[in-house]
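Some notes on the structure that comes next.
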Amino acid sequence: MMRDSECTLCKLHQTTEVVCQWGFGPKNADVMVVSKMPNSGNYQSLIEDELVNAGLDMGRVYFTAATKCRTFDQDAKNPQIKACRPYLEEEIQRVKPRWILAFGNEALYALTGHSGITNYRGQVLAQQEYNVVATVAPGSVTRNPGQKSGWQADIQFFVSQVLGRPDSISIPKISAIRTRQQLKTLRKLLRNVHTISYDIETTGDTELSSDAAIVSLAGTCITNEGKEVVWALPLYHPESPFRNSWRKVLKYIGPDLVKIKKQIAHNGKYDAKWLRHFDVNMGVSFDTLLAAHLLDENRVKGLKPLARILLGVPGWAIKTKDLLNTPLRSVLRYNALDTYYTYHLYKIFRQQLIDQPRLLRLYKLMIMPANEDLIGTEMHGIWIDRERLDNAIKISFDMRDAIDEELMHHVPEAGTMGWPVTAKGRPVEVNFNASNFLRWWLFDYLGFPVLERGKDKENGDLGSPSVREAVMLELKQSQVDHPNYEVIKLLMERAKWQKYCSTYVTRYDALRDEDDRIHTTFKLFGTVTGRLSSGKEDAEKVTGGKTNLRGVNLQQVPRDPFIRGLFGAPPGFTFVEADFSQVELRVVAFLSRDKTMLGIYQRGEDIHAATASWVLGIPQSKVSKEDRKKAKAVNFGFVYGMGAKKFVSTAFEKYELVFTLGEATDIRRAFFDRFRGLYSWHNRQRRIVQQYGRVQSPIGRVRHLPDIYSSDQGVVAEAERQAINSPVQSFASDMNLISMILINREFVRLGIKGQCLGLVHDALNFEIHNDHLGLALPIIKDTMENLPLRKWFGVDMDMPIISDLKIGTHWGDAKELTVEEVYNFGTLI
DNA sequence: AGTCAGCGCGCG
DNA sequence: AAAGCGCGCGCTGACT
């Protein structure tokens, strides 16, 4: 196959200026660079500079493209990439490169068939006759400068692979513990070390499943004489000499293991939970993942990419999903290298933290103590009322099925004209979820108007008609006279029950342990602002798998008492929710120094009620709960940079309120007239992020915003809004985290039987023994309202902070306590 | 049977 | 010219 300037294999030839442009470079090159399309001068020199900097000789590089047509303004979609592949294959056959560097998703797809550049970048993807390393496209780096450092690291990695450079850290000698004698020696060693970096390999998804076992345990130890020793201990692996006695072996070395002063791990909460489950009370005094995140919240945090980028070591991955069928030798080597590289990352991150004392303080005072507390929270779990759950499951399914039955009356016979078919040509099943069937039925068959569409398809077709809630709401208001009007109302009601069935009640049931508790994972590295995220352990994220999934998101339990009322405290205990009142807006007032806002809080008023009374023109005493909720959307939206247009849509979608664009513009203007200080604060944040490329919360948590240097105005504006929001969201959630730590400490000190069950951004949930409520409630409230911010961080919070407490047998029906009740609980009952 | 992207919606 | 911020996850349909 030769270059064909008349090529019509795909539609791109219709719109391109150059059809089928061949690559260039020496015909015997052993390195090939493949990008999205024949590169423009700018990108070409950007790439060449990077490669030369990394030490690659351009004389051995051939440059070409995934699709051979020049298509500046449009992306080539997968069908077009496929159509163009023969040309690329022909080129590869001729040049015969050993190494190929792929830029962007299109090149990745053309070379490997994978898509999803963020998942595949920066690693060797071995193909038949050559190796591929992929990274993001140069265009995406200029658009999002935040990607630049990762992009450079990928290119450096590629070049070091091509050149076969010696690794900067040599692979250590690993002692495999295979005999009783060696086990004894290991125990002796453990008694003589002050630092260990440790890691385990496990059988399954969760330590709570009945067949859970630890396959191997490894460590990198530093002896009191300063010697590094790397060892790996086989446990449950089939080839392990300790296969049948692995728990005894663990028990044998456990006491010496836990006594080691410095315990380092990467995402150690995971390992610590497993070890504690098997009675080895291991801790984490330095977590390299958490350090990496605190130092740069945007970076990749996996051990492998960190080791690649910072230590320059080659990959050492094995298939961790199938450890029991992997030779023991490989498992032990893998396990040991994890600990060895973790130890070296520790040395780097420790130094970086020492160089940034504010971050070091956050790390020592907040991050690591919180990590320890969360181990307890996750292992303890949250109690779910089984009787209520059984009932809720029944009702949810009954309601949904009853609605389905109603809806079926409006469904014609299968195979009616136009009824959608599967790829194989069979008629699809009736499906009232957002499916092809529903779209056909609603818009074609029943004839409701299409109000909104999703993104256009890859082949250029129009996007599918949207059936999202806002669209249904619009139909509900505008189609009253439609003969099938009731279908709309039924579908909206159905969506709620369907979500309950699929996402909540059945999940809760599947995840409940034998003590009716649900365990989730709280990530301290899940968000760029420092909030926690909640859900599954990364290791347990298996797509398609329906069984044995641990972790539900405890931060998105619907407020509907029907669902929230399922969670609670077991008999003898009380559920307590402690909520920071309007904390983000208090922080906004604190940071912006806006006089009106400061006044509202200093007078002890409620800002949402104040806004509601102001917008509606009624006295604050007449503001209803609903009005206040609406005002909340106004406050948060405008404070964080929402425009009038977005305000119109959220007001309708969330509250069914109709504003014209003009009215919204007026409200927005009036809002900033009222809170003038917000203007200058917004501008200040913009200046700071423009100048430094980052912003900080009052206690020093950093948000890096390299996108501020983008050439795209939209991207810049986004970074500016993030610069406004981040310090607020970050500070508010850190206040919550610090509260948890201090409350736990106080509980321990006073022997209070109380357990923190989790954090929901600006709220803490507890389960407290009934006998200790009188003592615990004031501790919770006092701690949250009087955080040692001045002592710990030199921050003077001249702003009243209020914590509202609710108690009940269940989360969903917890009742708010008055201040009086909080402080006199013991005597009031 | 597993993987992936897009959509949509739960929470703060 | 216009632009709220921060998350996790279930379902569908296309693909391998």
Side-chain angles (χ1 to χ4, degrees), chain A residues 78-79 82 105 109 113-116 119-120 297 420 422-423 428 431 433-439 452-459 463-464 466-472 495-496 498-504 506-507 520-521 523 526-536 541-546 549 551-560 563-564 579-580 582-584 632-647 649-650 653-654 668 682 703 712-730 732-733 736 759-763:
Chain A
N78 290 357
K82 257 191 198 160
N105 232 338
Y109 181 74
H114 295 298
S115 46
N119 289 331
Y120 290 99
E297 73 288 356
T422 62
V428 298
N431 181 347
N433 295 336
S435 62
N436 287 344
F437 170 80
L438 181 74
R439 295 188 179 99
E452 205 181 295
R453 285 178 181 277
K455 267 209 264 189
D456 286 355
K457 303 284 181 202
E458 289 207 338
N459 61 17
S464 322
S466 169
V467 287
R468 58 193 275 249
E469 201 182 5
V471 169
M472 301 301 284
K496 178 181 112 178
Q498 166 64 23
K499 181 116 180 154
Y500 283 6
C501 292
S502 66
T503 309
Y504 303 113
T506 47
R507 279 282 162 267
T520 186
T521 298
K523 270 194 208 170
T527 78
V528 288
T529 57
R531 277 185 173 185
L532 304 196
S533 69
S534 159
K536 284 196 255 292
K541 284 185 183 159
V542 186
T543 33
K546 287 268 183 272
L549 298 175
V552 301
N553 189 334
L554 284 181
Q555 295 175 333
Q556 60 177 65
V557 178
R559 305 192 68 158
D560 183 347
I563 302 291
R564 216 167 252 209
D579 216 301
F580 272 119
Q582 309 164 45
V583 66
E584 282 200 18
K632 215 168 162 174
V634 173
N635 285 334
F636 279 120
F638 289 148
V639 162
Y640 294 137
M642 186 166 66
K645 208 167 139 195
K646 176 87 175 182
F647 175 74
S649 59
T650 51
E653 287 172 16
K654 281 199 168 166
R668 187 172 190 276
H682 281 189
R703 171 91 187 261
D712 181 321
Q713 279 315 295
V715 174
V716 172
E718 192 179 347
E720 287 177 349
R721 290 193 302 275
Q722 288 162 334
I724 290 164
N725 170 275
S726 268
V728 180
Q729 191 181 114
S730 172
S733 69
N736 201 39
L759 299 84
V760 193
H761 309 309
D762 60 359

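Below, chains carry the letters A, B, ... as their sequence lines are ordered, and counting in each starts from 1. Note that the coordinates shown come from a computational prediction; the quantities given were computed from them, not determined experimentally.
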(request) Figure out the CE/P separation between A:Met472 and B:dC9, and round it to whole Å. (result) 10 Å

(message) If we check side-chain hydrogen bond (donor to acceptor under 3.5 Å, both in side chains) with A:Tyr640, which of these qualifies: A:Arg721, A:Glu584, A:His682, A:Gln722?
(response) A:Glu584

(message) Is there a side-chain contact between A:Leu438 and A:Asn433 in this structure, where contact means two heavy atoms from C-beta onward sitting under 4.5 Å apart?
(response) no

(message) Once you apply a heavy-atom cut-off of 4.0 Å, does A:Arg668 come out as touching a base, just sugar-phosphate, or nothing?
(response) nothing

(request) Measure from the side-chain heavy atoms of A:His761 and tell me the nearest of C:dC11, B:dG12, B:dG8. (result) B:dG12

(request) Could you tell me the separation between the CD atom of A:Gln555 and the P atom of C:dC5, rounded to a whole number of Å? (result) 19 Å

(request) Please work out if A:Ser466 contacts a base, only the sugar-phosphate, or nothing of the nucleic acid, heavy-atom cut-off 4.0 Å. (result) sugar-phosphate

(request) Rounded off to whole Å, could you give me the CG-to-C1' distance for the A:Asn436 and B:dG6 pair? (result) 13 Å

(message) C:dT12, OP1 or OP2 - any side-chain N/O from A:Asn433 closer than 4.0 Å?
(response) yes

(request) Examine C:dC5: is either OP1 or OP2 under 4.0 Å from a nitrogen or oxygen in the side chain of A:Lys646? Give yes or no. (result) no

(request) Find out whether A:Tyr504 and A:Gln556 are in side-chain contact, i.e. whether some heavy atom of one side chain is under 4.5 Å from a heavy atom of the other. (result) yes

(message) By the 4.0 Å heavy-atom rule, please label A:Gln729 as base, sugar-phosphate, or nothing.
(response) base

(message) With heavy-atom distances below 4.5 Å as the criterion, would you say the side chains of A:Glu297 and A:Arg703 are in contact?
(response) yes

(request) Looking only at side-chain atoms of A:Tyr109, point me to the closest of C:dG8, C:dT12, C:dT16. (result) C:dT16

(message) OP1 or OP2 of C:dC7 versus the side-chain N and O atoms of A:Thr527: is any pair under 4.0 Å?
(response) no

(request) Select base, sugar-phosphate, or nothing to describe what A:Tyr504 touches, counting heavy atoms under 4.0 Å on all strands. (result) sugar-phosphate

(message) A quick test of your reading: do over 12 heavy atoms of other residues, nucleotides or ligands sit less than 6.0 Å from CZ of A:Arg453?
(response) yes

(message) Applying a 4.0 Å non-hydrogen cut-off, can you work out what A:Arg721 is touching in the nucleic acid: base, sugar-phosphate, or nothing?
(response) base

(request) Report yes if the side chains of A:Glu653 and A:Thr650 come closer than 4.5 Å at any heavy-atom pair, otherwise no. (result) no

(message) Is there a side-chain contact between A:Ser533 and the phosphate of C:dG8, meaning an N or O under 4.0 Å from OP1 or OP2?
(response) yes

(request) For DNA chain C, write out the stems as range with range, using runs of 3 or more consecutive Watson-Crick or G-U pairs with both distances under 3.5 Å. (result) B:1-12 with C:5-16

(message) Within the structure provided, determine whether A:Arg468 and A:Glu452 are in side-chain contact (heavy-atom separation under 4.5 Å).
(response) yes

(request) Tell me which nucleotide among B:dG12, C:dA3, B:dG10 gets nearest to the side chain of A:Lys645. (result) C:dA3

(message) Counting the atoms with a prime plus P, OP1 and OP2 as sugar-phosphate, which does A:Ala434 contact under 4.0 Å by heavy atoms, base, sugar-phosphate, or nothing?
(response) sugar-phosphate

(request) Figure out the CG/P separation between A:Asn553 and C:dC9, and round it to whole Å. (result) 6 Å

(message) Please confirm whether the shortest side-chain N or O distance from A:Arg564 to OP1 or OP2 of B:dC11 is below 4.0 Å.
(response) no

(request) Please evaluate the base of C:dG6 for a donor-acceptor partner in the side chain of A:Arg531 within a cut-off of under 3.5 Å? (result) yes

(message) Under the side chain to side chain contact (heavy atoms under 4.5 Å, CB included) test against A:Leu554, which residue among A:Thr521, A:Thr520, A:Leu759, A:Val760 passes?
(response) A:Thr520

(message) Can you tell me which nucleotide in C:dT12, C:dC11, C:dG4 comes closest to the side chain of A:Tyr640?
(response) C:dG4

(request) Calculate the interatomic distance between A:Lys632 atom NZ and B:dC11 atom P; express it in whole Å. (result) 11 Å

(request) Name the closest nucleotide to the A:Asn725 side chain, picking from C:dG10, C:dG6, B:dC9. (result) C:dG6

(request) Would you mind classifying the nucleic acid contact of A:Val639 as base, sugar-phosphate or nothing, using non-hydrogen atoms under 4.0 angstrom? (result) nothing

(message) If I take atom CD in residue A:Glu653 and atom P in nucleotide B:dC9, what distance separates them, rounded to the nearest angstrom?
(response) 9 Å

(request) Pick base, sugar-phosphate or nothing for A:Val467, based on heavy-atom distances below 4.0 Å to the nucleic acid. (result) sugar-phosphate

(message) Any base atoms under 4.0 Å from A:Arg703, or only sugar-phosphate, or nothing? Heavy atoms, all strands.
(response) sugar-phosphate

(request) Report yes if at least one side-chain N or O of A:Gln722 is closer than 4.0 Å to OP1 or OP2 of C:dG6; otherwise report no. (result) yes

(message) Measure CZ/A:Phe636 against P/C:dA3 and give the value in whole Å, please.
(response) 21 Å

(message) Under 4.0 Å, heavy atoms only, any strand: does A:Ser534 hit a base, just the sugar-phosphate, or nothing?
(response) sugar-phosphate

(message) Just so I know, are the side chains of A:Thr527 and A:Gln729 near enough to count as touching, which here means a heavy-atom distance under 4.5 Å?
(response) no

(request) Tell me, yes or no, whether the heavy-atom count around A:Lys632 atom NZ, taken from other residues, nucleotides or ligands under 6.0 Å, exceeds 12. (result) no

(request) Write down the distance between CG (A:Asn431) and P (C:dG10), rounded to a whole number of angstrom. (result) 17 Å

(message) With hydrogens left out and only the distance checked, is there a donor-acceptor pair under 3.5 Å joining A:Arg507's side chain and the base of C:dG10?
(response) no

(message) Does A:Glu469 contact B:dC9 through a side-chain donor or acceptor facing the base, at a distance under 3.5 Å?
(response) no

(message) Can you identify which nucleotide, out of B:dG10, C:dT12, C:dG4, has its nearest atom closest to the A:Gln556 side chain?
(response) B:dG10

